[in-house]
Amino acid sequence: MNDLQAVTGQLYIVEGEPQEVKAAPGLLAQSPPGKAARGRARDSLFVHLSLTGRPEETENLAQDLLDAISKRFYETAGSVTSALRNAILEANRLLLRRNMSRTGPTREGAVTCAVLRGEELYVVQSGEALALIGRNFGVERLPTGEPAQMTPLGRTAGPELRYFHNWLEPGDMLLLLDPRLAHLPAEQVKPVLVDSTVEDGIPQMTAIIGEESGRLLLIEFTDEPPVDLPETRVSRPEPAAPPPSPSPRTLPPPTEKPLREGARPGGKSAGKGKPRIRMPDVELPSPERVEDTARRATSQTARGLSRATGWLAELVEHLRPPRDEEEEETPAGWALPALLVILIPVLVAVVVGGVYVQRGRVTRASELRQEMRQLLTQAEEASTEAEQRAAYNEVLALAQEAELLRPGNEEVERLRQEALRAMDRLEEVTRLTAQPLYRYEEGTAIRGVTLRGGLNGDIYTLDGANNRVLLHETEEDYVTLTAEEPQEIIFGGQAVGSHVVGALIDMFWRPSGTQASIDGLAVLDGRGALLTYHPNFSNVRAAPLGLASEWLEPVATAQFNERLYVLDTEAGQMWRYFPEGDGFYVDEGQRALSLPDLDQAVDAAIYSEDGSVLVLYADGRLRRYGQDSLLWDEGVLTRSGMETPFVAPTHIKIVGRGLNSSVFVADPGTGRIVQLSLGGTFLAQYKAMDEETGEELFTKLSDFDVAETPLRIFVGAEDGLYVAVQE
């Protein structure tokens with residue numbers, strides 16, 4: 001079969017009114033450009049991107065992200081899934097960086113990227129994206145069910161991606177639509193996607209959407225490329241409603257379709273009479289009745305099959321032995337033969353189709369394994385580290401695709417592990433083994449992890465989705481849980497004295513000292529208080545914080561010499577509070593620390609020995625300030641051996657005391673945690689694999705804490721608490 005072609009149509013409706021625009025915001029249909037990377041010359045790209053906010057407000061941002069997706073996809077060589085993954089990650093990186101820069105309202109998104117190559121359709125989704133595939137047997141929904149977690153674009157550096165692979169036939173259709181239209185049942189959309197065309201489907205979708213709003217991209221796959229010869233064109237009745245103006249960013253649909261091969265003008269073939277037993281009539285298509293799609297030709301074939309079934313029944317009638325003339329003619333006598341005549345072709349078609357699909361999956365999986373072996377060989381023979389990294393990354397991308405086709409294949413896993421080990425050697429990565437300590441109920445989102453100080457054990461986690469703090473009781477190793485379920489110790493709406501708990505922002509372990517009489521877990525409350533949980537007494541106290549009325553967007557806390565600092569990115573300040581017993585007071589002459597670009601910071605930490613401040617920025621910068629002067633910056637890290645810069649760092653922690661202190665930085669953008677010295681020397685970088693999903697654990701990290709000798713990194717990621725240890 002020749003490569004399939006795509007015919008596209010778009011629809012943009014606002015409260016029931018179709019919008020006459022050249023290109024609907026967030027939609028893209030693109031043929032391969034003239035200068036595409038190796039392997040991209042046959043790939044047609046289709047994208048549906050949704051962003052929070054009104055489409056007219058996000059139109060420019062959506063266009064920038066579409067351009068980034070298209071550019072990265074057609075510049076990336078190798079497999080389709082690898083190129084799609086890189087394209088979506090590029091768009092996510094741009095959106096995340098924009099959100100962290102606070103240059104405008106926070107925007108989150110959902111995206112479906114589909115690629116047509118020959119007879120294959122590759123689909124990658126992220127966020128609350130939705131797609132429907134129409135075939136002659138019905139409609140398939142992507143994703144098939146509601147995923148347990150749908151992390152939107154622009155929220156984290158490691159978005160969750162969903163991969164799909166399908167074999168197409170002429171007449172199949174693909175519908176990419178807004179998440180807001182996810183409530184539409186498949187049966188309601190089925191007439192649009194089965195036995196239909198793009199020209200007929202757009203008016204039908206207009207009627208289905210009704211008074212709602214939405215944007216959709218409808219794609220029809222056909223093996224009949226448009227022909228420009230005027231004598232082969234046929235007229236076609238106008239659709240029920242005029243379709244929207246074609247977008248210059250979409251593949252141009254043919255204005256008319258050519259006659260199928262073997263068709264000729266004229267009506268039905270002339271019959272030569274009707275003998276007792278004859279072959280079924282075959283109706284030749286005339287120019288006026290040329291079908292619009294291959295699917296309609298399939299339905300015509302089904303009608304021909306019914307005529308053939310009638311002929312077979314007539315043949316069986318003649319082959320049956322003669323009956324007694326007086327025997328009563330009973331319809332039941334024909335039931336079983338007729339049923340068999342109908343079911344046998346259907347069963348044969350189902351079996352053959354299943355074998356065809358399975359054979360295609362097995363063949364593709366075998367091809368992927370062969371490509372992975374070849375890439376590993378190429379990497380070993382490569383002359384530069386850049387070429388080696390590219391080859392190993394391609395192996396990892398192919399492994400993801402192979403896992404979808406043949407889950408649990410030992411050879412694929414072996415090749416993937418070989419590529420991972422090679423990448424670790426190149427990047428001097430220390431690979432940790434990650435184990436889940438606890439899996440929370442659905443709807444949990446861990447945003448904070450803190451270890452109890454001393455040698456007492458216990459882990460505290462902050463559940464941002466449910467605005468609560470949980471306590472996991474453990475042995476001194478922090479790994480052995482002594483209670484099956486965590487204990488809820490602080491929650492939103494809780495009354496603590498005269499204070500009512502608000503939004504919980506950040507937490508840290510506050511040791512006892514000159515002013516604080518008892519150590520405990522300190523939690524910053526957005527309503528202007530520091531909540532302290534004392535595990536020895538199992539009670540919570542609230543200390544009000546002055547200047548809280550001036551807070552704009554507090555995001556993190558730091559402590560030094562019993563002082564409390566609150567990082568407020570919107571105000572561009574670190575508010576400073578001096579200890580007074582278990583509470584705090586404000587010195588009007590020293591209200592805040594003013595350091596450069598705090599409006600772009602994501603976290604900060606203060607060294608207990610000299611009060612120097614380390615500030616971590618959303619764009620990957622890391623700087624240490626002392627006495628309002630810069631001690632070192634990210635350039636020092638590069639010169640000390642950190643070849644890969646931070647991409648989207650989120651947290652920084654100082655672990656240890658005195659000269660033995662180290663700085664740990666979490667960078668989900670590169671899926672690693674980096675260890676540095678206080679002098680800015682690169683020491684080590686760590687990665688860990690989530691054994692349940694096979695993904696890099698630190699790409700979805702939300703917070704972490706570290707216990708030393710031996711090294712144990714405790715990670716909060718989505719709805720799980722993990723511990724990563726060195727093998």
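FYI, side chains are in, hydrogens and waters are out, and symmetry mates aren't considered; it's all heavy atoms of this structure.
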**Message:** Please determine whether a side-chain nitrogen of the Lys or Arg among Lys687 and Glu427 lies less than 4.0 Å from a carboxylate oxygen of the Asp or Glu.
**Reply:** yes
**Item:** Close side-chain approach of His472 and Leu721, heavy atoms under 4.5 Å
**Value:** yes
**Request:** Taking atom CD of Glu428 as the centre, report whether more than 12 heavy atoms of other residues, nucleotides or ligands fall under 6.0 Å from it.
**Result:** no
**Message:** Working to the nearest 0.5 angstrom, can you tell me the gap between Asp424 CG and Tyr392 OH?
**Reply:** 11.0 Å
**Prompt:** Judged by modelled atom types alone, do Thr151 and Glu160 share a side-chain donor-acceptor pair under 3.5 Å?
**Reply:** no
**Asked** Which of these passes side-chain contact (heavy atoms from CB on, under 4.5 Å) with Ser50: Leu130, Leu176, Asp178?
**Response** Asp178
**Request:** Please report the C-alpha distance between Thr480 and Glu475 in whole Å, then the side-chain angles of each, then the deciding distance to 0.1 Å, and finally whether the side chain to side chain donor-acceptor pair (under 3.5 Å) criterion is met.
**Result:** CA-CA 5 Å; Thr480 306; Glu475 298 287 355; over 6 Å; no
**Request:** Decide, yes or no, whether a salt bridge links Glu411 with Arg373 under the criterion of side-chain N to carboxylate O below 4.0 Å.
**Result:** yes
**Request:** Take Asn86 and Glu90 through the test side chain to side chain donor-acceptor pair (under 3.5 Å) and record every step on the way to the result.
**Result:** CA-CA 6 Å; Asn86 290 337; Glu90 173 69 11; over 6 Å; no
**CE on Met173 to CG on Leu132, rounded to 0.5 Å** = 11.5 Å
**Message:** Is there a side-chain contact between Tyr722 and Arg439 in this structure, where contact means two heavy atoms from C-beta onward sitting under 4.5 Å apart?
**Reply:** yes
**Prompt:** Say you draw a straight line from CG of Leu4 to CD of Glu220; how long is it, rounded to the nearest 0.5 Å?
**Reply:** 11.0 Å
**Salt bridge flag under 4.0 Å for residues Arg425 and Glu385** = no
**Evaluation steps, side chain to side chain contact (heavy atoms under 4.5 Å, CB included), between Leu49 and Leu153** = CA-CA 10 Å; Leu49 174 69; Leu153 286 180; 4.2 Å; yes
**Message:** Less than 4.5 Å apart, side chain to side chain, heavy atoms only: is that true for Gln125 and Pro143?
**Reply:** yes
**Complete:** Here the gap from Asp703 atom CG to Met507 atom CE, rounded to the nearest 0.5 Å, amounts to 7.0 Å
**Item:** Over 12 non-hydrogen atoms of neighbours within 6.0 angstrom of CD in Glu708
**Value:** yes
**Message:** I'd like to know whether Arg623 forms a salt bridge (charged side-chain N to carboxylate O under 4.0 Å, His left out) with Asp597, so could you lay out the CA-CA distance, the side-chain angles of the two residues, the decisive distance to 0.1 Å, and finally the verdict.
**Reply:** CA-CA 11 Å; Arg623 300 187 172 182; Asp597 300 332; 5.2 Å; no
**Message:** For a side chain to side chain contact (heavy atoms under 4.5 Å, CB included) check, start with the C-alpha distance between Val479 and Leu437, then their side-chain angles and the critical distance, and finish with the verdict.
**Reply:** CA-CA 7 Å; Val479 176; Leu437 281 180; 4.1 Å; yes
**Prompt:** So, Gln417 and Glu413: side-chain donor and acceptor under 3.5 Å apart, yes or no?
**Reply:** yes
**Message:** Assess the residue pair Tyr440 and Thr461 against the criterion (side chain to side chain donor-acceptor pair (under 3.5 Å)); give the C-alpha distance rounded to whole Å, side-chain angles, the decisive distance to 0.1 Å, and a yes or no.
**Reply:** CA-CA 11 Å; Tyr440 300 88; Thr461 57; 3.1 Å; yes
**With Val665, the side-chain contact (heavy atoms from CB on, under 4.5 Å) member among Leu614, Leu637, Leu616** = Leu616
**Request:** Anything under 30° is parallel, anything over 60° is perpendicular, the rest tilted; go ahead and classify Tyr686 against Phe664.
**Result:** parallel
**Request:** Kindly indicate whether the side chain of Glu634, heavy atoms from C-beta on, has any atom under 4.5 Å from the side chain of Met642.
**Result:** no
**Request:** Side-chain contact test, heavy atoms from C-beta onward, threshold under 4.5 Å: evaluate it for Val715 versus Phe698 and give yes or no.
**Result:** yes
**Prompt:** From Thr450 OG1 over to Leu462 CG, what is the distance, rounded to the nearest 0.5 angstrom?
**Reply:** 8.5 Å
**Message:** Do the side chains of Arg389 and Glu643 get close enough for a salt bridge, i.e. N-O under 4.0 angstrom?
**Reply:** yes
**Request:** Could you check if a side-chain atom of Lys700 sits within less than 4.5 angstrom of a side-chain atom of Asp690, using non-hydrogen atoms only?
**Result:** yes
**Asked** How about Glu140 and Asn166: do any of their side-chain heavy atoms sit closer than 4.5 Å?
**Response** yes
**Message:** Determine whether Leu622 and Leu676 satisfy the following criterion, side chain to side chain contact (heavy atoms under 4.5 Å, CB included), listing intermediate values before the conclusion.
**Reply:** CA-CA 11 Å; Leu622 175 59; Leu676 312 166; 3.6 Å; yes
**Item:** Heavy-atom neighbours of Glu128 CD exceed 12 at 6.0 Å
**Value:** no
**Message:** Within this structure, what is the CG-CG distance for the pair Leu61 and Leu65, rounded to the nearest 0.5 Å?
**Reply:** 4.5 Å
**Contact check, side chains of Leu711 and Thr430, non-hydrogen atoms, under 4.5 Å** = no
